[in-house]
Amino acid sequence: MPRTYLMCPPAYFTVKYAINPWMDTTSPVDADLAGKQWERLRETLVELGHRVHVLTPQAGLPDMVYAANGAFSVDGTVYGARFRYPQRAAEAAAHQAFYAIQDEPGWRFVAPTEINEGEGDFTYVPGPGLILAGYGFRTEPTAHAEAQEVLGRPVISLRLVDPRFYHLDMALAPLDDTTIAYYPAAFSASSQAVLRQLFPDAVLASEPDALAFGLNLVSDGRNVVLSSEATALADRLAAAGYLPRLVELTELKKGGGSVKCCVAELRS
Ligand code: ARG
């Protein structure tokens, strides 16, 4: 099934503040290379048959390239983001404006009250119809309840405990309608028990896989687009029957993100 995505080019991408452990303001970013790597990611999704909308980047919002953080949608309802840090706050309005001008398929946008970073901390598993939601670093647990009210799907709250995996999408990703991949140690012991109960057949990633940003992937149920550094995870996914599509995103890693961070899925 073709998917619909939203991406934002890294036209103003830099690392000029540090709001996660991966960001080092003293290490330079190759802007030209960042642009090429981003374009290659966009082309990969298009070549796989998916539709990619492009959000207009804004000067002064260097993290806008991480489009996944701007909202979270299920069944045409869009739950807007409210960023934790002031440096990113203005991104939320840019995403809201995007949905306002899309008249097809008619998005219903709901502005949030609670702090949440969109698909950074929310994901959807269509088979059981479950929303999985992270908290501990960015999104407030109160936003999980708000998302459940807005979207009308059960929300499973998962506590993240390792600051290197500050968003859910650094540590967990759906692979198809019923299967997920995750790195257990990124979660509290109780949240690990919840994941084992719900997803006994999950693909478990190793610490090196997770540190290579391997779980920050985008899957269409068959093709799995992931960082070229995550070779061990790519092999494991291939053995499980998926088709890994490796992309290089070394520059965007300097901001603390990879494939998934750059790609919001629009679920209509
Ligand atoms: N520099 C960004 C931040 O710390 C990176 C966001 C990564 N996005 C993601 N979906 N995990 O907010």
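Atoms within a ligand are numbered from 1 in the order they appear, just like the ligands themselves.
- In this structure, R84 has no heavy atom closer than 4.0 Å to ligand 1.
- The salt bridge (charged side-chain N to carboxylate O under 4.0 Å, His left out) analysis of residues 124-146, with sequence neighbours excluded, yields the pairs R84-E140, E117-R138.
- Checked by distance only, ligand 1 and D63 come closer than 3.5 Å through their nitrogen or oxygen atoms.
- Each of the atoms 10 (N) of ligand 1 lies under 4.0 Å from some heavy atom of G120.
- Under 4.0 Å from ligand 1, not a single heavy atom of E119 appears.
- Counting the atoms of ligand 1 from 1 in the order shown, those under 4.0 Å from a heavy atom of G255 are 1 (N), 2 (C), 5 (C).
- Partner L175 forms a side chain to side chain contact (heavy atoms under 4.5 Å, CB included) with one of I180, L217, V125 and no other, that one being L217.
- Interface of I19 with ligand 1, defined as ligand atoms under 4.0 Å from a residue heavy atom, comprises 3 (C), 4 (O), 12 (O).
- Counting heavy atoms under 4.0 Å from ligand 1, residue K260 does not touch it at all.
- With a heavy-atom cut-off of 4.0 Å, Y85 does not touch ligand 1 at all.
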Going by atom type alone, with no hydrogens or angles, which donor-acceptor pairs under 3.5 Å involve a side-chain atom of residues 2-10 and a protein atom two or more places apart or on another chain?
unit_1, atom_1, unit_2, atom_2, d
R3, NH1, E265, OE2, 3.2
R3, NH2, D220, O, 3.0

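- Looking at A68 next to ligand 1, no N or O pair under 3.5 Å apart turns up.
- Taking any N or O of E117, backbone or side chain, none lies under 3.5 Å from an N or O belonging to ligand 1.
- Q37 is not listed as a side-chain neighbour of V247, based on a closest heavy-atom distance of 4.5 Å or more.
- Taking distance alone, with nitrogen or oxygen atoms compared against 3.5 Å, R88 approaches ligand 1 more closely than that limit.
- In the vicinity of M23, heavy-atom distances shorter than 4.0 Å reach the ligand 1 atoms 1 (N).
- Side-chain N or O atoms of D121 include one that pairs as donor or acceptor with a backbone N or O of T139 at under 3.5 Å.
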